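One structure is given here, and the rest of the page talks about it.
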Amino acid sequence: MEVVGNLKIIQENIGHACARSGRKPEDITVIGVTKYVTIERTKEAIDSGIENLGENRNEGFLEKYNHFGNQAKWHFIGTLQSRKVKDVIDKINVLHSLDRMSLAKEINKRTAAPMDCFVQINVSGEESKHGIEPEEVLPFIEKLEKYHHIHVVGLMTMAPHIDDPHRIRKVFRSLAELRDRIKEKKFSHAPCEYLSMGMSNDYEIAIEEGATHIRIGSKLVGS
């Protein structure tokens with residue numbers, strides 16, 4: 001199916017999820033995850049009206065960025081190695097995977113302007129997932145204050161890839177509660193307004209639990 005048709009279905013589902021939870025569709029940012037698709041498919045996504053694209057590997061991101069440049073707003077959603085920060089940091093708009101102090105230090109050194117970052121949290125506790133532990137979030141964010149080029153816009157997590165909506169919902173709800181606690185602190189360097197959570201299989205649940213940024217790959221651009 002063409003991307004424009006997939007996008008229409010996703011927008012309809014977003015509308016339903018927002019209606020169920022008393023939210024507005026315009027408050028949801030759809031990030032088209034193009035990590036597994038071609039340049040041609042990525043162009044189709046941009047032409048369909050998708051303004052935000054997500055990549056999770058340096059090589060794949062740089063290939064797409066070198067082709068499309070500022071035709072999209074670029075979100076880096078995968079683990080970023082500290083030694084590769086210099087290759088991408090002046091090209092991305094948002095980092096969704098800040099998960100260690102060494103990475104923050106390198107970003108702070110390499111960028112001339114504040115970088116919008118989501119702190120990645122391993123809410124589910126799965127060993128296969130990256131991210132810091134929930135109880136470590138507050139002290140981690142407090143320590144980030146010394147890095148003037150780190151701007152924490154929100155928190156990010158991934159739910160288990162399972163068919164248990166109750167367990168998935170619990171993960172998303174926990175992240176929202178954690179975000180609220182950080183937001184109450186009113187840190188100038190970490191307003192923490194947003195929630196990056198929800199992918200192709202669970203984005204409607206994520207929206208119902210407060211997601212502001214959903215990362216859609218296969219259901220939008222294919223795989």
Side-chain angles (χ1 to χ4, degrees), residues 27-29 31 33 35 52 54-58 61 73-85 88-111 113-160 168 170-199 202-203 206-207 209-215:
D27 293 335
I28 311 300
T29 297
I31 300 167
V33 179
K35 61 183 180 180
N52 296 271
E55 287 284 332
N56 74 331
R57 290 170 51 252
N58 290 49
F61 162 69
K73 185 175 182 180
W74 296 99
H75 298 249
F76 198 91
I77 60 176
T79 299
L80 180 58
Q81 295 176 299
S82 297
R83 64 186 176 86
K84 294 189 176 181
V85 167
V88 304
I89 203 62
D90 60 341
K91 301 175 179 67
I92 64 174
N93 300 96
V94 187
L95 175 70
H96 287 246
S97 52
L98 180 58
D99 62 354
R100 60 198 186 280
M101 206 55 66
S102 59
L103 178 58
K105 181 179 180 180
E106 188 66 17
I107 292 170
N108 193 67
K109 182 173 75 173
R110 296 287 183 179
T111 184
M115 170 58 59
D116 286 347
C117 300
F118 286 86
V119 173
Q120 183 171 353
I121 318 298
N122 186 359
V123 177
S124 67
E126 294 173 278
E127 289 186 10
S128 60
K129 295 281 195 297
H130 289 274
I132 64 177
E133 300 300 317
E135 62 271 14
E136 298 173 357
V137 176
L138 180 56
F140 179 78
I141 288 179
E142 287 176 335
K143 291 175 185 175
L144 290 175
E145 187 174 12
K146 64 183 177 181
Y147 298 121
H148 297 154
H149 290 162
I150 300 291
H151 186 236
V152 180
V153 297
L155 304 181
M156 182 274 246
T157 201
M158 289 181 283
I168 292 171
K170 185 177 179 181
V171 168
F172 292 150
R173 187 168 294 171
S174 295
L175 190 75
E177 291 171 351
L178 190 55
R179 186 278 312 269
D180 291 345
R181 292 204 294 272
I182 302 297
K183 190 176 179 181
E184 286 174 359
K185 300 292 183 180
K186 299 188 184 303
F187 295 124
S188 59
H189 71 289
C192 214
E193 296 177 0
Y194 304 126
L195 290 170
S196 173
M197 59 188 195
M199 299 189 290
D202 55 22
Y203 67 90
I207 290 169
E209 295 302 327
T212 59
H213 294 64
I214 56 175
R215 312 178 302 271

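Remember, it's a predicted structure, so these values are computed and weren't measured experimentally. Heads up: numbering here begins at 1 and tracks the sequence.
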For Gly198 and Asp202 the tightest heavy-atom approach is CA-OD1, 3.3 Å
Hey, could you give me the CD/CG distance between Glu209 and Leu175, rounded to the nearest 0.5 Å?
11.0 Å
Decide side-chain contact (heavy atoms from CB on, under 4.5 Å) for Lys35 and Arg57; before the verdict, give the C-alpha distance in whole Å, the side-chain angles of both, and the deciding distance to 0.1 Å.
CA-CA 8 Å; Lys35 61 183 180 180; Arg57 290 170 51 252; over 6 Å; no
Are Thr29 and Tyr194 packed together at the side-chain level, in the sense that at least one heavy-atom pair is separated by less than 4.5 angstrom?
no
Salt bridge or not for Arg181 and Glu184, using N-O below 4.0 Å?
no
Return the CD1 to CD1 distance between Ile214 and Ile31, rounded to the nearest 0.5 Å.
8.5 Å
Where do Ser124 and Lys129 come nearest, in terms of heavy atoms and distance?
OG-CG, 4.0 Å
Got a list of side-chain donor-acceptor pairs under 3.5 Å for residues 91-104, not counting sequence neighbours?
residue : atom : partner : partner atom : Å
Lys91   : NZ   : Asp87   : O            : 3.3
Asn93   : OD1  : Trp74   : N            : 2.7
His96   : ND1  : Ser196  : OG           : 2.8
His96   : NE2  : His75   : ND1          : 2.8
Ser97   : OG   : Gly78   : O            : 2.5
Arg100  : NH2  : Leu80   : O            : 2.6

Which atom of Arg179 lies closest to which atom of Glu193, heavy atoms considered
NH1-O, 2.8 Å
Are more than 12 heavy atoms, taken from residues, nucleotides or ligands other than Lys105, located less than 6.0 Å from that residue's NZ atom?
no
Run the side-chain contact (heavy atoms from CB on, under 4.5 Å) check on Ile89 and Phe76 step by step: do they pass?
CA-CA 9 Å; Ile89 203 62; Phe76 198 91; over 6 Å; no
Taking all non-hydrogen atoms of both residues into account, name the closest pair between His189 and Pro191 and its distance.
C-CD, 3.7 Å
Ignoring hydrogens, what is the shortest heavy-atom contact between Ile182 and Ala190? Give both atom names and the distance.
CG2-O, 4.5 Å
In this structure, OG1 of Thr79 is separated from CD of Gln120 (nearest 0.5 Å) by 6.0 Å
Distance-minimising heavy-atom pair for His151 and Asp116
ND1-OD1, 2.9 Å
Please report the C-alpha distance between Glu106 and Arg83 in whole Å, then the side-chain angles of each, then the deciding distance to 0.1 Å, and finally whether the side-chain contact (heavy atoms from CB on, under 4.5 Å) criterion is met.
CA-CA 8 Å; Glu106 188 66 17; Arg83 64 186 176 86; over 6 Å; no
Distance (rounded to the nearest 0.5 Å) between Cys192 SG and Leu178 CG:
7.5 Å
With heavy-atom distances below 4.5 Å as the criterion, would you say the side chains of Asn122 and Ile132 are in contact?
no
Below 4.5 Å, heavy atoms only, C-beta onward: do Met158 and Arg215 meet side chain to side chain?
yes
If you look only at distance, which donor and acceptor atoms sit under 3.5 Å apart when one is on a side chain in residues 135-150 and the other is two or more places apart or in another chain?
residue : atom : partner : partner atom : Å
His149  : ND1  : Asn108  : O            : 3.3
His149  : ND1  : Thr111  : O            : 2.7

To the nearest 0.5 Å, how far apart are CE in Met197 and CD1 in Ile121?
12.5 Å
Can you tell me how far the CZ atom of Phe61 sits from the CD1 atom of Ile77, to the nearest 0.5 Å?
12.0 Å
